[in-house]
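First the structure, in the form of structure tokens, and then the observations on it.
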Amino acid sequence: MLFAWSWSDMILCVQGSHPLLAEEKARRLSLGGLEVNLSEQIMQPLSVAPFQEGSVPPFVAPMPESSPPPLRDPEEDLLCIAKTFSYLRESGWYWGSITASEAKQQLQKTPEGTFLVRDSTHPSYLFTLSVKTNRGPTNVRIEYADSKFRLDSNCLSKPRILAFPDVVSLIQHYVLSCTVESKSDTPYPPPMPSPPIQKEMAASAVHLKLIQPHSHKDSAPSLQHLCRLQIHRSTTETEQLPLPKRMKDYLKQYPFQL
């Protein structure tokens, strides 16, 4: 496309007989009583270099200031842990501060899948899950972080481990999962061939199955607690039941099925 233009639209710059900014001789200036010698050139013209592609540095967006992580309220952790202790005491399968050897002795003659929860002997953990497997009793620590509980695992699989607001909810999830798995009649597809290293890891792995809790020998469940469990197994809408408020409050004290 052509544009109309005329000589009047152009500005022609021609160097005259004197430079645009001549070099001034050395002179003396008085600045607030202080005399300074200026012997350098004043306002020397800049040499214009030919434009080179890529000579302009790329634009770098400023990095946003990293905000510090929000401070957690210690009272929130205290309430969460206190609620978990309350649920565990109501459960009947919390054994308190017994050792790993004592838990092994309690589970040694029980069927596979029998479990109990006890205090952890490790200073970085609160609770430990002891369960009878096909290779004998074993122990799994329960990790607590950010008001959530999860089973302890290695760093690679930790993002895939589910977290729960209390220990009883955690245990109930895996018990119900094992129950659904055992009742399923759908055959599993044949597994894909694995590398030798994965085969060795699978052979040494222990399949964790949770089926039934091992009640404390000194705290047999009361008839009221057994009825409460049966009600929770029958319905999750306990508020809609035609029961007195006192009984509804009793159901809320332990809203679980085991």
Side-chain angles (χ1 to χ4, degrees), residues 72-99 102-103 106-107 110-120 125-132 137 139-152 161-183 208-258:
R72 289 187 53 79
D73 187 2
E75 186 177 356
E76 183 179 353
D77 291 326
L78 292 176
L79 292 176
C80 181
I81 296 173
K83 181 178 66 174
T84 291
F85 270 111
S86 176
Y87 288 160
L88 287 173
R89 293 189 186 97
E90 292 282 337
S91 68
W93 36 269
Y94 169 60
W95 286 67
S97 58
I98 64 173
T99 63
E102 291 173 337
Q106 292 292 332
L107 298 173
T110 60
E112 179 184 358
T114 307
F115 62 89
L116 60 87
V117 173
R118 59 182 177 86
D119 295 338
S120 178
Y125 298 84
L126 292 174
F127 306 103
T128 295
L129 170 66
S130 299
V131 57
K132 176 68 175 296
N139 302 284
V140 181
R141 293 173 180 144
I142 299 177
E143 177 185 305
Y144 174 78
D146 299 332
S147 300
K148 298 290 184 180
F149 294 88
R150 61 168 57 88
L151 295 179
D152 188 29
I161 302 298
L162 298 179
F164 300 87
D166 55 82
V167 173
V168 181
S169 297
L170 182 151
I171 301 298
Q172 179 174 270
H173 168 78
Y174 289 105
V175 170
L176 296 179
S177 299
C178 294
T179 304
V180 172
E181 180 181 347
S182 62
K183 292 182 179 180
L208 195 65
K209 185 190 302 183
L210 303 182
I211 298 179
Q212 62 181 8
H214 185 55
S215 298
H216 199 284
K217 58 182 179 179
D218 296 332
S219 60
S222 63
L223 181 60
Q224 291 179 337
H225 182 68
L226 294 177
C227 293
R228 177 168 55 183
L229 295 179
Q230 189 59 43
I231 292 175
H232 288 308
R233 292 166 187 167
S234 303
T235 180
T236 57
E237 303 292 337
T238 56
E239 285 292 336
Q240 306 299 326
L241 297 177
L243 298 175
K245 183 180 182 302
R246 184 176 179 181
M247 295 186 65
K248 290 183 179 181
D249 293 340
Y250 179 73
L251 294 176
K252 290 180 183 179
Q253 292 177 7
Y254 190 81
F256 306 102
Q257 303 180 19
L258 71 151

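The basis for the numbers below is simple: all heavy atoms, side chains too, and nothing from hydrogens, waters or symmetry mates.
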Pairwise salt bridge (Lys or Arg N to Asp or Glu O under 4.0 Å) hits with a residue in residues 81-93, at least two apart = Glu90-Arg228
Measure from the ring center of Phe164 to the ring center of Phe149 and say whether it is less than 6.0 Å.
-> no
Would you give the length of the straight line joining atom CG of Leu208 to atom SG of Cys178, rounded to the nearest 0.5 angstrom?
-> 7.5 Å
Report yes or no: does Lys132 contribute a side-chain atom to a donor-acceptor pair with the main-chain N or O of Thr110 at less than 3.5 Å?
-> yes
Between Glu143 and Lys148, does at least one N-O distance fall below 4.0 Å, as a salt bridge requires?
-> no
Are any side-chain N or O atoms of Ser234 and backbone N or O atoms of Gln230, one a donor and one an acceptor, separated by less than 3.5 Å?
-> yes
Verdict with supporting geometry, Ile211 and Thr114, side-chain contact (heavy atoms from CB on, under 4.5 Å) | CA-CA 6 Å; Ile211 298 179; Thr114 307; over 6 Å; no
Residues two or more places apart in sequence or in another chain: which of them pass side chain to side chain contact (heavy atoms under 4.5 Å, CB included) with Gln257?
-> Gln172, Leu176, His232, Arg233
Side chain to side chain, Pro111 and Gln212, heavy atoms closer than 4.5 Å | yes
Are the side chain of Glu102 and the backbone N or O of Thr99 linked by a donor-acceptor pair below 3.5 Å?
-> yes
From CA spacing to verdict: side-chain contact (heavy atoms from CB on, under 4.5 Å), Ile231, Leu251 = CA-CA 8 Å; Ile231 292 175; Leu251 294 176; 4.1 Å; yes
Mind checking what makes side-chain hydrogen bond (donor to acceptor under 3.5 Å, both in side chains) contact with Ser130, not counting sequence neighbours?
-> Arg118, Asn139
Name all residues meeting the side-chain hydrogen bond (donor to acceptor under 3.5 Å, both in side chains) criterion together with Ser169; count only those two or more places apart in sequence or in a different chain, and write none if there are none.
-> Asp166
Taken in chain and number order and not counting sequence neighbours, the residues that satisfy side-chain hydrogen bond (donor to acceptor under 3.5 Å, both in side chains) with Asp249 are Lys245
Assess the pair Trp95 and His216: is the distance between their ring centroids shorter than 6.0 Å?
-> yes
How far does OG1 of Thr238 sit from NZ of Lys252, to the nearest 0.5 angstrom?
-> 7.5 Å
Check whether any side-chain N or O of Tyr250 sits under 3.5 Å from a backbone N or O of Tyr254 as a donor-acceptor pair, and report yes or no.
-> no
To the nearest 0.5 Å, atom CD1 of Ile142 lies from atom OH of Tyr125 at 11.5 Å
Could you give me the CA-CA distance, side-chain angles and deciding distance for Asp119 and Thr128, then say whether side-chain contact (heavy atoms from CB on, under 4.5 Å) is met?
-> CA-CA 6 Å; Asp119 295 338; Thr128 295; over 6 Å; no
Val175 and Phe115, any side-chain heavy atoms less than 4.5 Å apart | yes
Nearest 0.5 Å please: distance from the CG atom of Leu88 over to the CG atom of Leu116.
-> 11.5 Å
Let me see the working for Thr84 and Val168 under side-chain contact (heavy atoms from CB on, under 4.5 Å), right down to the final yes or no.
-> CA-CA 7 Å; Thr84 291; Val168 181; over 6 Å; no
From CA spacing to verdict: ring-ring contact (aromatic ring centres under 6.0 Å, His included), Tyr87, Phe256 | CA-CA 9 Å; Tyr87 288 160; Phe256 306 102; 4.9 Å; yes
Note: Pro221 and Ser215 closest approach over all heavy atoms is CD-OG, 4.4 Å
side-chain hydrogen bond (donor to acceptor under 3.5 Å, both in side chains) involving Tyr174 - partner list, sequence neighbours excluded | none
Heavy-atom closest contact (Tyr94 atom, Ser91 atom, distance) | N-OG, 3.8 Å
Nearest heavy-atom pair of Leu243 and Lys248: which atoms, and what distance?
-> O-CE, 3.4 Å
Nearest-0.5 Å distance that lies between atom CG in Leu126 and atom CZ in Arg141 | 12.5 Å
Can you see which heavy atom on Ile161 is nearest to which on Leu151, and at what distance?
-> CG2-O, 3.7 Å
Are the side chains of Ser177 and His173 in touch, meaning some heavy atoms are under 4.5 Å apart?
-> yes
Spatial distance of atom OG (Ser86) from atom CG (Leu79) [nearest 0.5 Å] = 12.0 Å
Kindly indicate whether the side chain of Leu258, heavy atoms from C-beta on, has any atom under 4.5 Å from the side chain of Leu229.
-> no
